[in-house]
Amino acid sequence: AQSVSQHNHHVILSEAASLELGCNYSYGGTVNLFWYVQYPGQHLQLLLKYFSGDPLVKGIKGFEAEFIKSKFSFNLRKPSVQWSDTAEYFCAVNGGDTGRRALTFGSGTRLQVQP
Amino acid sequence: KAGVTQTPRYLIKTRGQQVTLSCSPISGHRSVSWYQQTPGQGLQFLFEYFSETQRNKGNFPGRFSGRQFSNSRSEMNVSTLELGDSALYLCASSLATTAFYNEQFFGPGTRLTVL
């Protein structure tokens with residue numbers, strides 16, 4: 001079964017610091033990769049997605065992620081975080097055992113940005 | 001366009017009871033997926049419905065079931081509730097075209113507490 005690992009469970013940063021959240025997945029077949037964000041009290045929202053092509057993908061709110069196939073990684077980055085980025089971030093893949101229509105999520109990383 | 005709506009938003013039940021949760025997808029979306037979110041297990045895929053048929057299922061016991069109506073609205077049912085069923089249940093809808101993957105849009109969730 002495919003799995004997704006997010007190594008950082010809780011990250012605390014000061015405003016303007018750079019962010020990198022790690023994500024590794026285990027499935028070797030065709031997958032699509034996603035980062036979702038869950039702001040306090042809000043719905044899960046899609047930050048960005050990788051389907052094919054340029055491995056560096058840009059999403060909303062200044063976030064970007066790089067797909068490195070050889071490392072099975074899809075790390076999320078932001079050059080300068082803001083207090084409003086405080087949220088929980090989930091890496092996800094589709095494909096594999098649950099098929100192309102279902103998402104397998106990582107355990108999430110709680111980001112706390114201090115003003 | 002209205003987003004995914006879920007009712008009720010909060011629910012308290014006791015062990016042994018059964019519960020039904022409802023999800024109304026975004027207008028025009030034909031696929032509805034359900035996920036369970038818990039602090040211990042994270043976000044896990046339950047099942048997906050399309051055209052009133054379950055076409056994908058996660059690794060959950062048979063106490064968890066669902067259905068979809070002709071208007072794409074979906075319900076999920078949990079019978080013989082256990083304490084471990086306490087969770088946030090998320091519904092997601094998508095267009096369900098023939099593409100490898102269609103973006104899923106998540107609802108606010110129903111928080112179920114089992115006492």
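In the text below, chain A, chain B and the rest are named by the order of the sequence lines, each starting its count at 1. Side chains are part of it too, since the values below use all heavy atoms of this structure and drop only hydrogens, waters and symmetry mates.
The hydrophobic cluster containing B/V4 does not contain B/L11, counting ILVMFWY residues as joined when their side-chain heavy atoms lie under 4.5 angstrom apart, directly or transitively. A continuous path of hydrophobic side-chain contacts links B/V32 to B/L46 [ILVMFWY only; heavy atoms under 4.5 Å]. In the hydrophobic cluster analysis, where Ile, Leu, Val, Met, Phe, Trp and Tyr join through side-chain heavy atoms closer than 4.5 angstrom, A/Y25 is grouped together with A/V57. Cluster annotation: B/F45 and B/L21 are assigned to distinct hydrophobic clusters (Ile/Leu/Val/Met/Phe/Trp/Tyr, side-chain heavy-atom contacts under 4.5 Å, transitive). Residues A/L56 and A/I68 are members of separate hydrophobic clusters, defined by side-chain heavy-atom contacts under 4.5 angstrom among Ile, Leu, Val, Met, Phe, Trp and Tyr.
The backbone N or O of A/L103 sits less than 3.5 Å from a side-chain atom of B/Y35, completing a donor-acceptor pair.
Within residues 63-88 of chain B, the residues having any heavy atom under 4.5 Å from a heavy atom of chain A are, by residue number, B/L88.
Atom CG of B/L90 and atom CD of A/Q38 lie 7.0 Å apart (nearest 0.5 Å). Taking CG from A/L44 and CG from B/L43, the interatomic distance works out to 6.0 Å, rounded to the nearest 0.5 Å. Separating the CD atom in A/Q45 from the CZ atom in B/F105 is a distance of 11.0 Å, to the nearest 0.5 Å.
For B/Q37, the part lying under 4.5 angstrom from a heavy atom of chain A is the side chain only.
Within a 6.0 Å sphere centred on CZ of B/R15, other residues, nucleotides and ligands contribute 12 heavy atoms or fewer.
At a threshold of 4.5 Å between non-hydrogen side-chain atoms, the residues A/Y36 and B/Q104 count as touching.
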